[in-house]
Structures are given as structure tokens and as C-alpha cells.
Amino acid sequence: ITCPGPDTVLNNFGSCGVNYFAPTIPAADNCPGVNVVQTGGINSGSIFPVGTSTLTFQALDNAGNSASCSYTVTVLDSSSPSISCPLNITVNNDLNACAAVVTYSQPTGADNCSSVAVSQTGGLVSGSAFPVGTTTNTFVAADTSGNTATCSFTVTVNDNQKPQIICPSDLFVSADLTLCGAIVSYVAPVGTDNCPNPVTTLSTFSLGSGGSFPLGTSQETYVVTDASGNSDSCTFEVTVIDSVLPEITCPPNVVLSNDPGICGATYT
């Protein structure tokens with residue numbers, strides 16, 4: 001009797017095994033009438049599980065003499081596991097934070113054959129502080145045969161918190177001696193935000209610290225804008241008061257003779 005060499009087959013899709021039919025096992029004898037029977041292992045035509053099974057066959061002649069052989073059938077699991085991620089998540093930032101603490105359901109995996117190990121390969125774990133913007137979380141499910149499947153979902157944190165800016169108090173200054181106004185310097189306000197690097201700008205029609213302010217009241221407006229487009233503004237007034245006295249110069253004393261016939265004189 002002669003058995004084939006080891007045989008390797010793939011599982012049926014979605015199953016942890018395969019219907020396996022053993023080939024005809026050849027046997028020969030010096031006398032006619034040899035019967036071959038399977039004496040060990042899973043019966044041919046049955047579901048063979050993933051893994052290695054040993055089949056044993058025996059050849060028996062009419063005189064009661066026998067011989068046997070065996071071979072192995074290895075069923076490989078070629079089916080990938082399945083994995084299910086949650087839907088994409090969108091939230092607003094936590095108050096005064098450039099992030100939001102987000103919790104989500106852990107992705108689950110399933111397999112046709114074995115237990116599944118799920119691991120995270122990208123993103124942040126549930127309960128982390130997710131930064132403003134979009135973070136992609138990626139998970140991998142692996143079965144004991146090394147087959148894998150992946151899934152991903154995003155966590156988007158929107159910054160909906162306005163920055164803040166506080167202007168100085170209104171300023172009252174006297175005009176410079178030689179100007180119909182005043183050069184005014186002040187500490188320019190700088191905006192703050194829950195996220196880094198907000199930009200503070202001076203309004204187009206404002207003069208700015210160190211500018212030449214005319215007599216009267218001028219308004220100074222500052223605007224702060226964050227990276228998400230949120231903005232805030234503040235305004236204060238600069239009032240220049242003319243407290244400089246005017247100057248007058250008289251000519252030298254003048255001595256005149258009276259005009260003829262007049263007890264006085266014309267002076268120009």
C-alpha cells in the first residue's frame with residue numbers, strides 16, 4: 001500500500017475547516033483481491049478542521065496479510081478576521097483647552113476559526129485628550145493563523161472658543177508744544193487663546209502706539225484671531241487736549257508827534 005505525501009489545503013470561506021476527500025490509495029499483492037480501508041483519522045469526505053490531521057489506511061489480502069500507511073492533511077486558515085470600528089466622532093474643544101477628552105467604544109473583532117487579538121496601531125487610546133484637528137485611529141485584528149484585518153475612524157475636535165483681548169484704559173494727553181496733536185505711545189494689547197499662537201493686529205484706521213494723534217479723540221481697535229478663525233476685538237480712546245497757550249509779541253514803544261490841528265496822532 002502506498003500513501004501520498006503530505007497534503008495541504010485551504011479552508012472553506014467562512015469556515016474553520018474544509019470538506020476533504022482522500023485520494024484513492026493504491027495497493028498491490030502477489031495474489032488478487034486486496035481491500036483497502038481507512039483505519040485512523042477523520043473519515044474522507046468529512047469536515048477537516050484547520051490544523052494537521054493524520055490519515056491511516058490498511059491493505060488486507062484474502063489470506064489475512066495486511067500492510068498500512070499514513071499521511072497528513074494540513075488545513076490552512078486563509079480567511080481574514082473581521083473588525084468593526086465606531087463611526088467618526090466630531091466634538092468641540094473642552095473649555096480653555098486646545099483639545100477634548102474623547103472616549104469611544106473599543107473596536108471588536110471576530111473570526112471564522114479562532115480567537116482574535118485586536119491592537120491599536122495609530123491614533124490615541126480612548127479617554128485621551130485629542131488635539132484640535134482630526135486624529136485617525138487605526139486598529140488591527142489578528143487571528144492565530146496570522147491573518148489580519150484593519151479598520152479606522154477619525155476623531156475631529158473643533159475649536160469653537162473665541163480668543164480674548166483686553167485694551168488699556170482710555171488715554172488723555174496734552175498736545176506737544178510744537179504740534180497740533182501729540183505723539184502717543186502705549187503698551188499695545190496682546191490677545192490670548194486656548195490654542196497656541198493667536199495673532200493680534202491693529203485695525204486699519206487706528207494709528208498705533210508711537211503714532212501722531214490729532215487734537216480730539218481717536219479710537220484704537222485691536223483684533224485677535226486664532227488658527228480656527230475665531231476672533232475678538234477691543235477698543236479704547238486716545239484724547240489729545242490742546243493745553244498750550246498761544247504766543248503774542250508786541251512791537252517796541254512808539255513816540256509820535258501830534259498831527260497838525262489835532263490833539264493826537266494817527267498810528268498805524
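These values consider heavy atoms only, across backbone and side chains, with no hydrogens, waters or symmetry-generated copies. Predicted, not measured: the structure shown is a model, and the values here were computed from it.
Annotation: side chain of S115 is in contact with side chain of T144 (closest heavy-atom distance under 4.5 Å). Side-chain contact between Q161 and L95 is present, with at least one heavy-atom pair separated by less than 4.5 Å. A 4.5 Å side-chain heavy-atom check between D159 and D226 finds at least one atom pair inside the cut-off. Looking at Q164 and D193, their side chains never come closer than 4.5 Å, going by heavy atoms from C-beta outward. Contact annotation: the side chain of P107 approaches that of P86 to within less than 4.5 Å [non-hydrogen atoms, C-beta and beyond]. Inter-residue side-chain proximity for T201 and Y222 is flagged as unmet; no heavy-atom pair is nearer than 4.5 Å. In this structure the side chain of T200 never reaches within 4.5 angstrom of the side chain of V223, judged on heavy atoms. Taking 4.5 Å as the limit, some side-chain heavy atom of N147 sits within range of a side-chain heavy atom of D77.
Atom CD1 of I166 is surrounded by 12 or fewer heavy atoms from other residues, nucleotides or ligands within 6.0 Å. Taking a 6.0 Å sphere around CG of L87, one finds it holds 12 or fewer heavy atoms contributed by other residues, nucleotides or ligands.
Hydrophobic clustering, with ILVMFWY side chains joined whenever heavy atoms are under 4.5 angstrom apart, groups V50 together with V9. Linking ILVMFWY residues whenever their side-chain heavy atoms come closer than 4.5 Å, directly or via other members, places V184 and L215 in the same cluster. Y71 and V18 fall within the same hydrophobic cluster, defined by Ile, Leu, Val, Met, Phe, Trp and Tyr side-chain heavy atoms under 4.5 Å apart, directly or through other members. In this structure, V34 is not a member of the same hydrophobic cluster as F57, with clusters built from ILVMFWY side-chain heavy atoms closer than 4.5 Å. Put simply, V36 and L60 are part of two different groups of oily side chains (I, L, V, M, F, W, Y) that touch within less than 4.5 Å, one to the next.
N112 places a side-chain N or O within donor-acceptor distance of the main-chain N or O of S15, the cut-off being under 3.5 Å. Without hydrogens or angle criteria, S126 side chain to Y104 main chain gives a donor-acceptor distance under 3.5 Å. Between the D94 side chain and the A97 main chain, no donor and acceptor come within less than 3.5 Å of each other. Judged by distance alone, with hydrogens and angles left aside, the side-chain atoms of D176 form no donor-acceptor pair with the main-chain N or O of T178 at under 3.5 Å.
What you find for D143 and P81 is that their closest heavy atoms are OD2-CD, 4.0 Å. Closest of all the heavy-atom pairs between P198 and V224 is CB-CG2, 3.7 Å. Of all the heavy atoms in F213 and G208, the pair that sits closest is CE1-O, 3.6 Å. Contact between C69 and I1 at its shortest, heavy atoms only, is SG-CG1, 3.7 Å. In this structure, V244 and D242 approach most closely via the heavy-atom pair N-OD1, 3.3 Å. The minimum heavy-atom distance linking N62 with P32 is given by the pair ND2-O, 3.2 Å.
To the nearest 0.5 angstrom, D29 atom CG is 4.5 Å from D61 atom CG. Distance CG/L124 to OG1/T135: 5.5 Å, rounded to 0.5 Å. The structure places OG of S128 at 8.5 Å from CG of N137, a figure rounded to the nearest 0.5 Å. Distance check: L207 CG to I183 CD1 gives 9.5 Å after rounding to the nearest 0.5 Å. Distance check: N19 CG to S46 OG gives 8.0 Å after rounding to the nearest 0.5 Å. Between the CD1 atom of I25 and the OG atom of S68 there is a distance of 12.0 Å, given to the nearest 0.5 Å.
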Step by step, would you call Y186 with E220 a side-chain contact (heavy atoms from CB on, under 4.5 Å)?
CA-CA 11 Å; Y186 55 81; E220 295 287 274; 2.4 Å; yes

After noting the C-alpha distance and the side-chain angles of T239 and D170, does the key distance pass the side-chain contact (heavy atoms from CB on, under 4.5 Å) rule?
CA-CA 8 Å; T239 300; D170 293 342; over 6 Å; no

If you apply the rule side-chain contact (heavy atoms from CB on, under 4.5 Å), what do you find for N194 with N93, and how did you get there?
CA-CA 9 Å; N194 57 304; N93 67 294; 3.1 Å; yes

F139 and I83: CA distance, side-chain angles, deciding distance, side-chain contact (heavy atoms from CB on, under 4.5 Å) verdict:
CA-CA 8 Å; F139 291 81; I83 186 171; 3.9 Å; yes

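Judged purely by distance below 3.5 Å, without hydrogens or angles, the side chains of T266 and D259 pair a donor atom with an acceptor atom. Judged by distance alone, the side chains of T56 and S70 do bring a donor and an acceptor atom under 3.5 Å apart. Judged purely by distance below 3.5 Å, without hydrogens or angles, the side chains of T221 and T235 pair a donor atom with an acceptor atom. Side chains of S231 and T225: no donor on one and acceptor on the other come within 3.5 Å. The closest side-chain donor-acceptor pair between T74 and T8, if any, does not fall under 3.5 angstrom.
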Please tabulate, one pair per line, all N/O donor-acceptor pairs under 3.5 Å involving side-chain atoms of residues 149-156, not counting sequence neighbours.
| from | atom 1 | to | atom 2 | distance (Å) |
| --- | --- | --- | --- | --- |
| S152 | OG | T138 | OG1 | 3.0 |
| T154 | OG1 | N88 | OD1 | 3.3 |
| T156 | OG1 | T134 | OG1 | 3.0 |

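Every pair passing disulfide bond (SG atoms under 2.5 Å apart) that includes a residue from residues 166-223 is listed here, sequence neighbours excluded: C98-C195, C167-C234.
The side chain to side chain donor-acceptor pair (under 3.5 Å) with S79 is formed by just one residue from the set D111, N11, N12; it is N11.
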